Amino acid sequence: MSDAPGPTAPGTAGAAAPVVEVRRSRRRRRTVTAYRDGATVVVLVPASMSRAEEQRHVDALVARLLAREARARARGGDDELMTRAKELLRQHLVPQVGRVLPPTRVTWVGNQRRRWGSCTPTDRTIRLSDRLRPMPAWVRDYVLLHELVHLVEPGHTPRFHALLAAYADADRARGYLEGYADAARLEIGPEPDDGPDDGPDDEPDDGPEERGPGR
């Protein structure tokens with residue numbers, strides 16, 4: 001089900017309003033959530049919710065999501081991401097392995113829908129999914145550090161996991177990302193009598209060349 005574009009949040013004036021898609025779920029009883037899927041904002045609501053109550057929640061959640069995205073954009077772009085990468089190298093990797101060459105480029109990208117981050121060790125470039133922008137800083141740091149560790153250890157070897165374990169919030173961040181991905185798969189997947197209902201496919205595991213956070 002698709003609704004008209006939602007409201008414009010403070011600080012987003014002039015930006016194109018997103019398409020809002022409302023998906024009703026029999027699994028949901030009370031909670032209502034919204035997330036970004038490309039150019040669309042998907043809102044998950046209980047199947048039993050009235051249309052009037054649905055509209056009220058949709059307007060509020062979309063406005064809140066757009067405001068959060070605006071704040072995330074204001075926090076900085078690729079230059080700030082590179083600065084943070086160098087800080088994480090200095091704090092977590094240099095004490096363990098000594099001198100580490102920094103990445104040649106760290107960028108936000110909008111085309112990574114199945115992974116949170118990726119690294120190409122051969123040219124030392126790192127890309128983070130822009131879906132991470134509104135997430136807590138300790139989650140973004142975990143994904144960025146995960147990719148930085150691949151500059152030292154390309155594979156998911158015991159040494160890789162030992163280096164990454166130096167990040168105090170590693171388990172907490174993995175749980176956050178896995179919870180996000182599981183909720184997306186479980187709550188908007190196929191349901192009895194509903195037919196297929198596709199949602200985002202957040203895969204924490206890696207491909208063989210470009211690597212992203214995994215278990």
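The structure presented is a predicted model; accordingly, all values stated were derived computationally and were not measured. These values consider heavy atoms only, across backbone and side chains, with no hydrogens, waters or symmetry-generated copies.
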TODO: Check whether any side-chain heavy atom of Arg36 sits under 4.5 Å from a side-chain heavy atom of Leu66, and report yes or no.
DONE: yes

Open item on the list: Apply side-chain contact (heavy atoms from CB on, under 4.5 Å) to residues Leu145 and Val143 and explain how you reach the verdict.
Closed with: CA-CA 5 Å; Leu145 182 61; Val143 177; over 6 Å; no

TODO: Identify the two heavy atoms, one from Ala173 and one from Val139, that lie closest to each other, and give their separation to 0.1 Å.
DONE: CB-CA, 4.2 Å

Open item on the list: Counting C-beta onward and ignoring hydrogens, is there a side-chain heavy-atom pair between Leu81 and Thr107 closer than 4.5 Å?
Closed with: no

Open item on the list: Let me check something: do Val109 and Trp116 share a hydrophobic cluster, defined by ILVMFWY side-chain heavy atoms less than 4.5 Å apart, either directly or through other members?
Closed with: no

TODO: Could you pull out all residues at least two apart from Arg159 that satisfy side-chain hydrogen bond (donor to acceptor under 3.5 Å, both in side chains)?
DONE: Glu153

- [ ] Run the salt-bridge test on Glu53 and Arg51 with the 4.0 Å N-O cut-off and return the result as yes or no.
- [x] no

Task: Steps toward side-chain contact (heavy atoms from CB on, under 4.5 Å) verdict (Val43, Tyr35) - done: CA-CA 7 Å; Val43 183; Tyr35 67 89; over 6 Å; no

Open item on the list: Does either side chain, that of Arg28 or that of Thr33, offer a donor lying less than 3.5 Å from an acceptor on the other one?
Closed with: yes

Task: Check against ring-ring contact (aromatic ring centres under 6.0 Å, His included), His161 and His146 - done: CA-CA 9 Å; His161 290 296; His146 182 114; 7.8 Å; no

Open item on the list: Restricting to side-chain contact (heavy atoms from CB on, under 4.5 Å), what partner residues turn up for Ala85, sequence neighbours left out?
Closed with: Pro103, Val106, Leu144, Leu148

Side chains of residues 163-171: which donor-acceptor partners sit under 3.5 Å, not counting sequence neighbours?
residue: Tyr167; atom: OH; partner: Trp138; partner atom: O; Å: 2.7
residue: Asp171; atom: OD1; partner: Arg174; partner atom: NH2; Å: 2.2

Task: Nearest non-hydrogen partners of Val32 and Leu61, listed with the distance - done: CG1-CD1, 3.2 Å

Task: Residue pair Val45 / Thr31, side-chain heavy-atom distance below 4.5 Å - done: no

Open item on the list: Test of understanding: with salt bridge (charged side-chain N to carboxylate O under 4.0 Å, His left out), list the residues that count as partners of Arg105, not counting sequence neighbours.
Closed with: none

Task: Val42 vs Arg23, side-chain contact (heavy atoms from CB on, under 4.5 Å): CA-CA, chis, key distance, verdict - done: CA-CA 7 Å; Val42 178; Arg23 296 178 181 174; 3.7 Å; yes

Task: For Glu87, all residues meeting side-chain hydrogen bond (donor to acceptor under 3.5 Å, both in side chains), sequence neighbours excluded - done: Arg84

- [ ] State, yes or no, whether a side-chain contact exists between Pro46 and Arg24 at a heavy-atom distance under 4.5 Å.
- [x] no

TODO: Grab the two heavy atoms, one from Leu151 and one from Cys119, that are nearest each other, plus how far apart they are.
DONE: CD2-SG, 3.7 Å

Task: Check: Leu128 main-chain N/O paired with Arg115 side-chain donor or acceptor under 3.5 Å - done: no

- [ ] Determine, for Glu147 against Arg127, whether the closest basic-nitrogen to carboxylate-oxygen distance falls under 4.0 angstrom.
- [x] no

TODO: Please report the shortest heavy-atom distance between Pro121 and His150, naming the atom on each side.
DONE: CG-O, 3.9 Å

TODO: Of all the heavy-atom pairs spanning Asp78 and Trp108, show the shortest one and how long it is.
DONE: OD1-N, 3.0 Å

Task: Those residues that, when tested against Asp123, pass side-chain contact (heavy atoms from CB on, under 4.5 Å) (two or more places apart) - done: Thr120, Thr125

Task: Pro102 versus Leu89, closest heavy-atom pair with distance - done: CA-CD1, 3.6 Å

- [ ] Keeping to residues at least two apart or across chains, list the side chain to side chain donor-acceptor pair (under 3.5 Å) pairs with something in residues 88-104.
- [x] none

Open item on the list: Checking Arg124 against Leu101 for the side-chain contact (heavy atoms from CB on, under 4.5 Å) test, could you report, in this order, the C-alpha distance in whole Å, the side-chain angles of both residues, the deciding distance, and whether it holds?
Closed with: CA-CA 9 Å; Arg124 307 184 70 80; Leu101 290 175; 3.5 Å; yes

Task: Distance (rounded to the nearest 0.5 Å) between Ser129 OG and Met135 CE - done: 7.5 Å

